[in-house]
Amino acid sequence: MSATVTVIDRARGIIPRAFDRVGSVAADPMVLAKLAQLQAAARGRDAHGILELALKGEFAGKSAVVSSFGAESAVLLHLVSQIDPATPILFLNTGKLFGETLRYRDRLQDILGLGDIRSLAPNPADRDRFDPEGILWSKDTDACCNFRKVVPLKRALEPFAAQVTGRKRFQTRERAAMQPVEFFEGRFRFNPLADWTLSELEAYTLEHNLPRHPLVEDGYPSIGCMPCTRRVAAGEDYRAGRWSGDDKDECGIHIGIDGEGI
Ligand code: SF4
């Protein structure tokens, strides 16, 4: 299929660099066949096995892991460190994160021996243009997430044939139907922890004595940017502290503007 430019937000004029992608996934039988092959290969594998599919063999040197270094990130990163600690880890440093998250990133890097963490900052020109006062989050969260997260990640992913995420089905409505292997915005996407539960994550964390994000103990079960994350009270939903009071449940890096992705 022909190469196209993805317009992230035409109204606001935020446009990432052009990159080659499959214009219509459903119409590309080669992509569909490859996806079916990968999904069949993933069937019956545990998280470690799915991750090996993503990081070894045909995808060796062509995959990147996307991590927020949030509440449950240590599990996926520990698995990655066992297979290839030199795997590129893409981390969106939005400029609005908790200091605890930055220190947690450094601690995990040290403990797990992660050799290639890439901290992605928003483009300074975009910041000057769209959020000169640094308060866009209080007016338009979608626009803020767009230039601080969506656009930088799209650019960083350009050289890669596949990405790995730590998303779980239980987390959000959008993630409930997620498959261990998908195709999204021109590359394969592996979700080794898709069917993991909170209890399984907890058990793995304990078994491997992994450090916890310091804010978890302080009442934050899900952690994003500081202005858009609050403590969760007993009995509240796991994600209630994210964009609280807003209808928003995803920052946009994992869902296309048109819901693209299979
Ligand atoms: S989570 Fe909040 S502060 Fe962070 S990029 Fe999105 S809107 Fe901006």
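When a ligand or atom number is given, it counts from 1 through the structure's own listing order. Note that the numbering runs from 1 along the sequence shown for the chain.
The main-chain N or O of Ala54 is found under 3.5 Å from a side-chain atom of Ser63 such that the two form a donor-acceptor pair. When atom types are taken as modelled, the side chain of Tyr204 and the backbone of Leu76 share no donor-acceptor pair closer than 3.5 angstrom.
Using a 4.0 Å cut-off between heavy atoms, Met226 makes no contact with ligand 1 at all.
With ligand atoms numbered from 1 in the order given, ligand 1 contributes 1 (S), 2 (Fe), 3 (S), 7 (S) to contacts under 4.0 Å with heavy atoms of Cys228.
Contacts of Lys62 classified as salt bridge (charged side-chain N to carboxylate O under 4.0 Å, His left out), with partners at least two apart in sequence or in another chain: none.
Nearest protein neighbour of atom 4 (Fe) of ligand 1, counting heavy atoms only, is Cys225 SG, 2.3 Å. Of all protein heavy atoms, the one closest to atom 8 (Fe) of ligand 1 is Cys144 SG, 2.4 Å. Taking atom 6 (Fe) of ligand 1 as the reference point, the nearest protein heavy-atom neighbour is Cys145 SG, 2.3 Å.
Here the closest heavy-atom approach between residue Ala156 and residue Leu90 is recorded as CB-CD1, 4.1 Å.
In this structure, Arg189 forms a cation-pi arrangement with Phe184, its terminal cationic atom sitting closer than 6.0 Å to the ring centre and no more than 45° off the ring axis.
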